[in-house]
Trainee: 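Before anything else, here's the structure in question.
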Amino acid sequence: MRNKERIRRFIDGELEPREETELLREAADDPELGEALQAELELREALRDTRDRTSEPPPAGFADRLMSELHRNPPERPPLPWYRWLMHPVPIRARLSPAALLLPIGALALVALVAYRIGQAEVSARPPDLQSEPIAELELGATVELPVRFILQAAGAASVAVAGDFNGWSVERDTLLDPDGDGVFVGTVRIPRGSHAYMFVIDGKRWVSDPNATNYREDGFGYRNAILRID
Amino acid sequence: MARTSHLDLTTSRLTEQREARRIEREQVERACDGDHLAFREIVERHQRGLYALCLRMVGNRSEAEDLLQEAFTKAYAKLDTFDPAYRLSTWLYRVTLNVCRDYLKSPRRNERPTEDVAAGVVRHEPEDRADGKLLEAERCDIVHEAIAQLRSSYREIIVLKDLQGLSYREISEATGVPVTALKIRAVRARARLRELLEAS
């Protein structure tokens with residue numbers, strides 16, 4: 001049972017690198033374990049192929065048909081339970097003259113000013129050693145970053161960028177170049193060690209998975225992030 | 001060796017996620033107040049992932065489209081009950097999964113056969129690669145048929161975990177089954193799937 005759970009954790013990517021190495025070493029020496037692991041890997045490969053082949057969008061115009069149907073035959077909304085009704089926000093419409101609005105705003109501004117002045121008086125009344133002093137910033141050890149080369153064939157594209165968790169998913173920060181105009185975009189990005197998710201962005205708006213990546217993870221919205229591991 | 005380990009998120013990515021959740025809450029509120037455009041934005045954002053779920057659960061494209069429409073219609077009717085403490089995608093998964101489960105239990109299921117879902121995406125290739133693609137498509141259809149033979153709880157964990165790529169926590173939120181039980185179920189489901197594939 002222990003080995004079954006370890007294999008499951010391996011397949012699901014839950015093992016630490018040290019644990020993975022240990023499992024693979026044991027599998028090399030233990031034919032039964034090796035066979036079980038191999039069978040799971042083959043199944044995972046088959047499921048990955050199936051996933052790729054069934055990853056398609058709904059038929060064109062689906063959203064239009066759905067919204068037309070909702071407009072023609074709006075479904076009945078069941079009444080909310082009383083405990084939800086109490087918490088459910090309700091839009092409120094009011095008609096107020098400008099003078100009626102200015103009075104409470106002015107009163108609030110006056111209260112805020114008085115509170116600020118009182119606060120300032122308290123701070124200056126404190127002995128100097130209790131006032132906030134700038135704290136010397138500790139300089140942390142720099143994170144090791146390694147250059148990673150990205151390549152994408154995108155004939156006809158005006159621009160290609162790589163966006164991932166290493167650059168805040170920016171579509172502008174790390175752009176690839178096609179110096180000879182053959183549609184092959186290349187670039188190098190410095191990335192810290194660890195696992196990272198990324199995608200390419202073509203012309204600033206079209207997100208595509210890296211076709212040459214070996215690992216992917218669905219992001220739950222129909223897109224697949226490529227996974228890059230830097231040891 | 002392939003790896004999908006937990007990622008360390010940068011502060012900017014977390015900020016982006018918080019912002020996305022805030023926009024999502026606003027969209028839901030507007031949709032609840034009758035703003036059709038807001039609901040359409042929700043549909044367009046989630047339709048791809050949910051259609052893939054329906055297709056993988058029932059194996060037939062037209063039925064998958066019908067089920068997806070049913071799921072979104074139910075979501076529209078029950079949007080008031082959505083708890084913004086959770087992700088909207090998880091809640092939509094739960095609604096869609098229930099629609100698929102009802103379909104799979106109903107007599108309606110026997111009226112339409114499963115298609116060769118994978119065969120539909122075989123593209124015309126140069127002659128020296130066509131055989132390889134066909135074999136791959138056939139292999140995928142065999143896998144798909146084997147998945148269709150699994151009991152419903154096993155099929156769900158295979159589809160949600162191995163095909164949709166959800167985490168165990170997300171699956172737990174969508175199905176109400178504890179994470180520990182899901183992990184045990186995954187082991188058993190994969191073992192059963194292997195048996196079916198070896199037999200086919």
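Note that the structure is predicted; figures quoted are calculated from it, not measured. Per chain, numbering begins at 1; letters A, B, ... match sequence-line order.
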Trainee: Could you pull out all residues at least two apart from B/Glu44 that satisfy salt bridge (Lys or Arg N to Asp or Glu O under 4.0 Å)?
Mentor: B/Arg40
Trainee: What pairs of residues pass the salt bridge (Lys or Arg N to Asp or Glu O under 4.0 Å) test when at least one of them lies in residues 173-183 of chain B, not counting sequence neighbours?
Mentor: A/Glu14-B/Lys183, B/Arg169-B/Glu173
Trainee: Among all residues two or more places apart in sequence or in another chain, which pass the side-chain contact (heavy atoms from CB on, under 4.5 Å) test with A/Pro57?
Mentor: B/Arg48
Trainee: Below 4.5 Å from any heavy atom of chain A, which atoms of B/Leu50 appear? Answer side chain, backbone, both or neither.
Mentor: neither
Trainee: Is the closest basic N to carboxylate O distance between A/Arg6 and A/Glu26 below 4.0 Å?
Mentor: yes
Trainee: Using modelled atom types only, decide if a donor and an acceptor are shared between the side chain of A/Asp165 and the backbone of A/Ala197 within a distance under 3.5 Å.
Mentor: yes
Trainee: Picking from B/Lys74, B/Glu65, B/Lys161, which has the most non-hydrogen pairs under 4.5 angstrom with chain A?
Mentor: B/Glu65
Trainee: Between B/Asp141 and A/Arg53, does at least one N-O distance fall below 4.0 Å, as a salt bridge requires?
Mentor: no
Trainee: Name the option with the most non-hydrogen atom pairs under 4.5 Å to chain A; the candidates are B/Leu68, B/Leu53, B/Val43.
Mentor: B/Leu68
Trainee: Which atoms of B/Arg190 come close to chain A, meaning under 4.5 Å heavy atom to heavy atom: side chain ones, backbone ones, both, or neither?
Mentor: both
Trainee: Under 4.5 Å from any heavy atom of chain B, what part of A/Leu43 do you find: side chain, backbone, both or neither?
Mentor: side chain
Trainee: In terms of heavy-atom proximity below 4.5 Å to chain B, should A/Asn73 be classed as side chain, backbone, both, or neither?
Mentor: neither
Trainee: Under 4.5 Å from any heavy atom of chain B, what part of A/Glu42 do you find: side chain, backbone, both or neither?
Mentor: neither
Trainee: Under a 3.5 Å threshold, yes or no: a donor from one side chain and an acceptor from the other, between A/Ser195 and A/Arg229?
Mentor: yes
Trainee: Take the angle between the ring planes of B/Tyr76 and B/Phe39 and call it parallel below 30°, perpendicular above 60°, tilted in between.
Mentor: perpendicular
Trainee: Decide whether A/Tyr216 and A/Asp52 meet the rule of one side-chain donor and one side-chain acceptor closer than 3.5 Å.
Mentor: no
Trainee: For chain A, which residues of residues 192-200 of chain B have at least one non-hydrogen atom nearer than 4.5 Å to it?
Mentor: B/Leu193, B/Arg194, B/Leu197
Trainee: What residue, out of A/Leu70, A/Asp49, A/Ile7, has the most heavy-atom pairs lying under 4.5 Å from chain B?
Mentor: A/Leu70
